[in-house]
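Following: one structure in structure tokens, then a few remarks.
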Amino acid sequence: MHVLAALAGLLLLAAAVLAATIALSSPKVPPHMASVSDPFIGADFSALPPKRIFTARDGTKLVYRAYPGDPGRIVVLIHGSSGTSESMHPVAEAIRAKGATVYALGMRGHDGTGRSGDIDYIGQLDDDLHDFLKTLGPRTPSQTRTLLGFSTGGGFALRFAGSTGIGAFDRLVLVSPQLPYDAPTSRAGAGGWASVALPRIIGLTILDRFGIAAFGGLPVLAFAVDRTQLAQTGLTPVYSYRMMRNFGPQAGYRDDLKRVKGPIAVLIGATDEIFYADRYAPLVKSIRPDATVTVVPGLTHIEMTVRRPGLDAIAAAIP
């Protein structure tokens, strides 16, 4: 009895420590990272198409922007962490200029959809992308579909194309893609872009393994956005545990790379301040020798998606 009582006491103590860790750990607000916002200054958004709506399986209205072109060449764009469909406009225009039809999605929890920075369950973003693809109608035998993801959207695109969405696209293009924190391409704290509540993440991961998901809406990531401009930019400043787990890569990213169907292209700016640009080629090509890895000289993380050398390189990666 004494042993059982002692074990019960230890379990209660452990539960109390875990609860306190989860409750008290929260992401600190990082200072504004100007290198992420400044490159958009001067970018041409004059031809930005209006938001369109599609309805996900749970009835939520989600947004996207359409850039009509050849219906036989479809390109779907996924923005980066905290981003919007608008932020992918220069990329969409560069690709549309080559004749393709382009769709820039605003992921759930972003761009004014759903709950800011949160989703209902891990995997919901995958379901949303599948639901969007259904709105495109039947696929003709000659139609090609390309999935392009930027930054965290690149990590998500890789995970989707290598797991729940295998075969949904013919080509995968990853622009400055986020890989897991322990990948050789990752800088600590994403170079200052993200503040992480690591104790809370560990605690929620433990609960997740016991099938307890009730606290997955707690915030675990805060981004270095200009919080005085959120109303104007529409950026998402904080992610929940659920969003962090779903929007981005997974630990098995190496296996995802192996499983992706069709060609893979990776592009990154040589002076990227969030990831290590020179480490992508050795990593990716050791797993997928057929992949192409392009490092564009002189460009930072965001500049890859707004400056002409980056846009030209991205457009060239899509036949």
Side-chain angles (χ1 to χ4, degrees), residues 25-41 43 77-88 90-91 106-107 109-111 116-118 125 149-159 174-198 200-201 219-230 232-250 253 266-280 283 295-296 298-307 310:
S25 172
S26 60
K28 297 180 180 179
V29 176
H32 172 219
M33 195 170 179
S35 67
V36 172
S37 58
D38 288 355
F40 287 105
I41 299 173
L77 309 184
I78 310 294
H79 59 71
S81 57
S82 180
T84 63
S85 57
E86 180 178 353
S87 67
M88 297 301 289
V91 174
M107 303 301 284
H110 304 75
D111 226 350
S116 178
D118 191 24
L125 298 182
F150 168 63
S151 195
T152 295
F156 170 77
L158 171 60
R159 190 178 58 72
L174 306 175
V175 181
S176 311
Q178 176 197 355
L179 297 178
Y181 74 94
D182 57 350
T185 55
S186 298
R187 297 181 189 269
W193 169 240
S195 170
V196 182
L198 185 58
R200 175 175 283 176
I201 291 173
V220 297
L221 289 180
F223 299 111
V225 298
D226 184 351
R227 281 165 168 72
T228 68
Q229 297 294 315
L230 291 179
Q232 291 80 11
T233 62
L235 297 178
T236 302
V238 175
Y239 278 2
S240 70
Y241 175 77
R242 290 185 291 246
M243 180 66 80
M244 179 204 72
R245 286 283 308 278
N246 197 179
F247 193 42
Q250 61 185 354
Y253 72 96
V266 179
L267 305 98
I268 188 167
T271 56
D272 193 296
E273 71 280 29
I274 293 179
F275 306 124
Y276 290 110
D278 60 339
R279 299 183 182 181
Y280 279 89
L283 173 63
V295 179
V296 182
L299 295 185
T300 63
H301 190 70
I302 295 296
E303 286 177 342
M304 269 298 297
T305 64
V306 296
R307 300 288 184 257

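For the pair Ala197 and Ser26, the tightest heavy-atom approach, listed with the atom from each and the gap, is CB-C, 3.6 Å.
For the salt bridge (Lys or Arg N to Asp or Glu O under 4.0 Å) condition, no pair includes a residue of residues 27-39, sequence neighbours left out. Residue pairs satisfying the salt bridge (Lys or Arg N to Asp or Glu O under 4.0 Å) criterion with at least one member in residues 233-248, sequence neighbours excluded, are listed as follows: Asp118-Arg242, Asp208-Arg245. A side-chain hydrogen bond (donor to acceptor under 3.5 Å, both in side chains) check over residues 179-191, counting only residues at least two apart or in different chains, returns nothing.
Every residue was checked against the ring-ring contact (aromatic ring centres under 6.0 Å, His included) condition with Tyr280, not counting sequence neighbours, and none meets it. For Tyr241, there are no ring-ring contact (aromatic ring centres under 6.0 Å, His included) partners, not counting sequence neighbours. The side chain to side chain donor-acceptor pair (under 3.5 Å) test applied to Glu86 returns no partner, not counting sequence neighbours. Partners of Phe150 by ring-ring contact (aromatic ring centres under 6.0 Å, His included), not counting sequence neighbours, listed by chain and number: His301. Remark: Thr300 engages Glu303 in a side chain to side chain donor-acceptor pair (under 3.5 Å) (not counting sequence neighbours). Among residues two or more places apart in sequence or in another chain, the side chain to side chain contact (heavy atoms under 4.5 Å, CB included) test is passed with Pro237 by Ser116, Val225, Arg227, Leu230. With sequence neighbours left out, the side chain to side chain donor-acceptor pair (under 3.5 Å) criterion links Arg159 to Asp126. Listed by chain and number, the residues in a side chain to side chain donor-acceptor pair (under 3.5 Å) with Ser37 are His32 (sequence neighbours excluded). For the salt bridge (charged side-chain N to carboxylate O under 4.0 Å, His left out) test, no residue two or more places apart in sequence or in another chain qualifies with Asp272.
Not less than 6.0 angstrom separates the ring centroid of Phe156 from the ring centroid of His79.
In summary, the side chains of Ser81 and Trp193 do present a donor paired with an acceptor at a separation below 3.5 Å, with no hydrogens or angles considered. If you check the side chains of Thr152 and Gln178, you find a donor sitting under 3.5 Å from an acceptor.
With hydrogens and angles ignored, the 3.5 Å screen pairs a side-chain donor or acceptor of Thr271 with a backbone N or O of Leu299. Arg200 contributes a side-chain N or O that, together with a main-chain N or O of Pro219, makes up a donor-acceptor pair within less than 3.5 Å. Looking only at distances, no side-chain donor or acceptor of Tyr239 sits under 3.5 Å from a matching main-chain atom of Phe223.
Distance check, rounded to the nearest 0.5 Å: CE of Met244 to CG of Leu221 gives 6.0 Å. Between the OG atom in Ser176 and the CD1 atom in Ile274 there is a gap of 8.5 Å [rounded to 0.5 Å]. Distance check: Ile302 CD1 to Arg307 CZ gives 10.5 Å after rounding to the nearest 0.5 Å. Atom OG of Ser85 and atom CD1 of Ile78 lie 11.0 Å apart (nearest 0.5 Å).
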